[in-house]
Amino acid sequence: VRDFLNNSPNPKVMFNSRKTIQMIAESYGFYLSNLVCVGDFDCSIESMLLEFGLKPVVVDWRIRPLTQELLEIAVNQVRYIPHLLNESKI
């Protein structure tokens, strides 16, 4: 896992990951490479969802098990991340 997180060319997508990244760096002595923090794009994700005709929704993701509706919301929230990343040229 360490090699994947540290060296992999594949992008890793996390949400609000700043504290997690800091904890990993301080506790285990390595940094995550090729990481995209979706939390940095919240406003852009909302506008992109609206552009594609989807309504942004606030969800309590602690609810388990996830209902079919929550699964569909999750899919729609990540489906457009590649478009957003291409626009931001990350």
Side-chain angles (χ1 to χ4, degrees):
V1 172
R2 182 182 184 135
D3 287 340
F4 174 77
L5 293 174
N6 199 25
N7 299 317
S8 175
N10 299 321
K12 276 76 70 188
V13 179
M14 298 175 81
F15 185 81
N16 288 343
S17 58
R18 294 185 198 287
K19 289 183 181 178
T20 304
I21 294 168
Q22 182 179 357
M23 184 273 304
I24 290 172
E26 291 173 357
S27 299
Y28 301 104
F30 72 95
Y31 296 89
L32 282 79
S33 65
N34 206 8
L35 173 74
V36 176
C37 180
V38 179
D40 294 341
F41 299 115
D42 272 349
C43 296
S44 298
I45 287 174
E46 282 187 12
S47 62
M48 185 166 286
L49 287 173
L50 290 170
E51 185 178 318
F52 285 100
L54 299 168
K55 185 175 94 173
V57 191
V58 176
V59 176
D60 182 355
W61 292 110
R62 297 171 295 178
I63 297 171
R64 294 293 187 266
L66 294 175
T67 64
Q68 186 61 37
E69 180 184 13
L70 290 177
L71 291 171
E72 289 172 13
I73 290 170
V75 167
N76 283 328
Q77 287 185 343
V78 298
R79 176 177 290 152
Y80 302 104
I81 289 175
H83 301 288
L84 184 61
L85 296 177
N86 286 335
E87 285 184 11
S88 64
K89 297 177 183 168
I90 291 181

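- Residues passing the side chain to side chain donor-acceptor pair (under 3.5 Å) test with R62, sequence neighbours excluded: D60.
- No single ILVMFWY cluster, assembled from side-chain heavy atoms under 4.5 Å apart, contains both I73 and V75.
- Closest approach of L70 and L66 over heavy atoms only: CD1-CD2, 3.9 Å.
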